[in-house]
Amino acid sequence: MSAHLDLDEPEPAVADDGVWLTCIECGETFAPFAEIRYTCDDCDGLLEVRYADLPTWDDFGAGGSPESGPYGVWRYSAGLPFEEGVSLPEGGTPLHYVPRIEEEVGVNNLRIKHEGMNPTGSFKDRGMTVGVRVAKEVGVDRLACASTGNTSAALAAYGARGGMETLVLLPAGKVAAGKVAQASLHGARILEVDGNFDSCLDIVQDLAARGEAYLLNSLNPFRLEGQKTIGLEIMERFHADEGTYPDRIVLPVGNAGNTAALYKCFRELRKAGAIDEGDVPKLTGVQAEGSAPMVEAVEEGNDEVRRWEDVETRATAIRIGNPVNAPKALPGIRETGGTAVAVSDEAITDAQRSLAQEGVGVEPASAASLAGLRKLRESGEIGADEDVVCLTTGHLLKDPDAAYEAGGDPEPVPNDTEAVLDHLGE
Ligand code: F0G
């Protein structure tokens, strides 16, 4: 099935320099920076950033023109609300070849877009460089987020870079060590909540509604603008290497912000005439079995996602029961002809090991993409002729405990060369 994207666009009542916010539910439009809002005043629907002019590849300076900036988020500023942001800098991540896994999985072409190579080690940096720039525009001084870890690390670093105060709410005992260490050293005030990520997000939304802090979770539509550059980079680089666009992008899903951002990227490229309908990759989301409300909705054909109160997985980054961006992401999965699949923690760890054996070090949630590809390939849902990009969202060092458990044990040896040789000869 080829993609059929919904490209209808209501006219804006208010636009600032050709940029405005549109409610995806009722179509109401708002000026982007005059007041702070995260959802629609009228119906509480999710907001999306819209532009009067959508850029094509030439406007991005792609294709080797002298205007081309270095690879990274701000290379694509023609499709963003600002020319530049609070930057470390971010984006321009590798699109690895993994020939042994490609052969084992049995697809025509497999590439790994390793977002763990961003400055704080996850794709969240792409959203933060834009989000913190917007925070400056609207004139706030305290930034906040709920997080399974990576968002808090990115917020802390970009907030520090921007000279702003940061507050992060984390589910107590469920955030990987590397991420808490980052948030702490970059100077965030860390509140550990006796609840899961979803309850942290409920609280931080309340704080934001009371004007206590500027919310920088992916509910904030500007975060997703930065994250859509993952899609732009994949499309530009894959096309430069292969002369075609990938058939499918497989990615881990938590709050479904990235899925929504990629869908938006494809819609904008289509509207600008930069790609054809047949070029749109199938968006394929992967969740852990113990935390799979999006998969449930896709499998049952539901328009709404049921909130799971109890969630559990070793992939703590995607331990989320209430994916707030589902209304943006579900149409993306459906309209691109993609799907969603749940994988076991064991399959995630196996995939983490396989990637590590190709030199690509990722955290457990990231490896869910490869685990999902394997499962869908085995069931025949993904064909042997497909060109696939798997997104790996966070770096191995984010979760040293998981890496240590998945890897081999160190071998104690005496402090003596002969004894070491003896040991190796065993
Ligand atoms: N992979 C990693 C490593 C993540 O940290 C996250 C989300 C996801 C995948 C899922 O992305 O939410 O856009 O579907 N982490 C958030 C956080 C929730 O707080 O760091 P999504």
Side-chain angles (χ1 to χ4, degrees), residues 93 113-118 120-128 131 144-157 168-171 174-176 178-180 182-183 188 190 193 196-198 200-201 204 215-220 223-224 226-228 230-231 249-264 283-288 291-295 305 311 313-326 328-330 332-333 340 348 351-352 361-372 390-399 402:
T93 55
K113 179 68 171 165
H114 191 16
E115 285 293 297
M117 298 305 285
N118 274 295
T120 78
S122 86
F123 69 95
K124 306 288 181 180
D125 297 343
R126 294 182 187 262
M128 283 307 167
C145 70
S147 183
T148 56
N150 282 323
T151 303
S152 70
L155 181 77
V168 305
L169 282 80
L170 307 181
K174 294 293 182 183
V175 178
K179 305 173 189 183
V180 185
Q182 288 179 290
I190 302 173
V193 177
N196 60 22
F197 167 83
D198 305 298
C200 294
L201 187 56
V204 93
L215 177 105
L216 273 170
N217 281 97
S218 54
L219 254 185
N220 184 319
R223 274 264 318 267
L224 300 187
Q227 287 174 212
K228 82 185 176 192
I230 301 174
I249 296 179
V250 187
L251 75 162
V253 174
N255 252 336
N258 243 356
T259 317
L262 287 169
Y263 170 48
K264 187 168 194 285
L283 279 175
T284 301
V286 187
Q287 295 193 298
S291 178
M294 280 282 287
V295 177
V305 172
V311 281
T313 167
R314 195 179 294 159
T316 51
I318 51 172
R319 188 177 170 274
I320 294 175
N322 185 33
V324 288
N325 286 299
K328 288 180 172 177
L330 277 175
I333 291 176
I348 288 175
Q352 192 188 14
V362 308
E363 68 165 290
S366 304
S369 56
L370 175 58
C390 280
L391 204 64
T392 55
T393 40
H395 197 275
L396 177 153
L397 291 173
K398 288 285 193 171
D399 192 342

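Just follow the structure's listing: the first ligand is 1, and inside any ligand the first atom is 1.
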Pull out every atom of ligand 1 sitting under 4.0 Å from any heavy atom of Thr148, numbered as shown with elements.
15 (N), 16 (C), 17 (C), 18 (C), 19 (O), 20 (O)

Considering distance alone, does some N or O of Asn150 sit under 3.5 Å from an N or O of ligand 1?
yes

Determine, step by step, whether Lys174 and Asn196 satisfy the side chain to side chain donor-acceptor pair (under 3.5 Å) criterion, reporting the C-alpha distance in whole Å, the side-chain angles of both residues, the deciding distance to 0.1 Å, and the verdict.
CA-CA 8 Å; Lys174 294 293 182 183; Asn196 60 22; over 6 Å; no

Output yes when the distance from some N or O of ligand 1 to some N or O of Glu363 is under 3.5 Å, and no in every other case.
no

Do me a favour and list the nearest non-hydrogen protein atom to atom 13 (O) of ligand 1 with residue, atom name and distance?
Asn258 N, 2.8 Å

Report yes if the side chains of Val362 and Leu370 come closer than 4.5 Å at any heavy-atom pair, otherwise no.
no

Distance from atom 1 (N) of ligand 1 to nearest protein heavy atom, with residue and atom
Thr393 OG1, 2.6 Å

Which atoms of ligand 1 sit under 4.0 Å from any heavy atom of Ser147?
17 (C), 19 (O), 20 (O)

Regarding His114 and Thr93, is there a side-chain donor-to-acceptor distance under 3.5 Å anywhere?
no

shortest atom 17 (C) of ligand 1-to-protein heavy-atom contact is with Thr151 OG1, 2.9 Å

Find out whether Lys113 and Ile249 are in side-chain contact, i.e. whether some heavy atom of one side chain is under 4.5 Å from a heavy atom of the other.
no

Among the heavy atoms of Ala256, does any lie under 4.0 Å from an atom of ligand 1?
yes

Below 3.5 angstrom, do we get any N/O pair linking Gly254 and ligand 1?
yes

Set of residues satisfying side-chain contact (heavy atoms from CB on, under 4.5 Å) with respect to Val180, sequence neighbours excluded
Leu170, Val175, Ile190

Nearest protein heavy-atom contact for atom 8 (C) of ligand 1: which residue, which atom, what distance?
Ile318 CG2, 3.6 Å

With heavy atoms and a 4.0 Å threshold, my read on which part of Asn217 contacts ligand 1 is neither

With heavy atoms of Val253 as the reference, note each atom of ligand 1 found under 4.0 Å away.
14 (O)

In terms of residue, atom name and distance, what is the protein heavy atom nearest to atom 16 (C) of ligand 1?
Lys124 NZ, 2.9 Å

Would Ile320 and Asp198 satisfy side-chain contact (heavy atoms from CB on, under 4.5 Å), going step by step from the backbone distance to the final call?
CA-CA 6 Å; Ile320 294 175; Asp198 305 298; 3.5 Å; yes

Would you mind reporting whether Arg126 and Ile230 have side-chain heavy atoms less than 4.5 Å apart?
yes

If you measure only the distance, is there a donor-acceptor pair under 3.5 Å linking the side chains of Lys398 and Gln182?
yes

For Gly257, counting its heavy atoms only, list the atoms of ligand 1 lying under 4.0 Å from any of them.
13 (O), 14 (O), 21 (P)

Hey, which of Thr151, Val311, Asn255 is the one that makes side chain to side chain contact (heavy atoms under 4.5 Å, CB included) with Phe197?
Asn255

Here the gap from Asp125 atom CG to Glu115 atom CD, rounded to the nearest 0.5 Å, amounts to 9.0 Å

Test of proximity, Ser152 against ligand 1: N or O pairs below 3.5 Å
no

Tell me: protein heavy atom nearest atom 11 (O) of ligand 1, and distance?
Phe123 CZ, 3.5 Å

If we only consider heavy atoms of Ile320, is any one of them less than 4.0 Å away from an atom in ligand 1?
yes

In chain order, what residues pass the side-chain contact (heavy atoms from CB on, under 4.5 Å) check against Val193, with sequence neighbours excluded?
Leu169, Cys200, Ile203

What I'd like to find out is whether the side chain of Pro293 reaches to under 4.5 Å of the side chain of Asn322, using heavy atoms alone.
no

Nearest non-hydrogen protein atom, atom 4 (C) of ligand 1
Ala317 CB, 3.6 Å

Identify the protein heavy atom lying closest to atom 12 (O) of ligand 1, giving its residue, its atom name and the separation to 0.1 Å.
Asn255 N, 2.7 Å

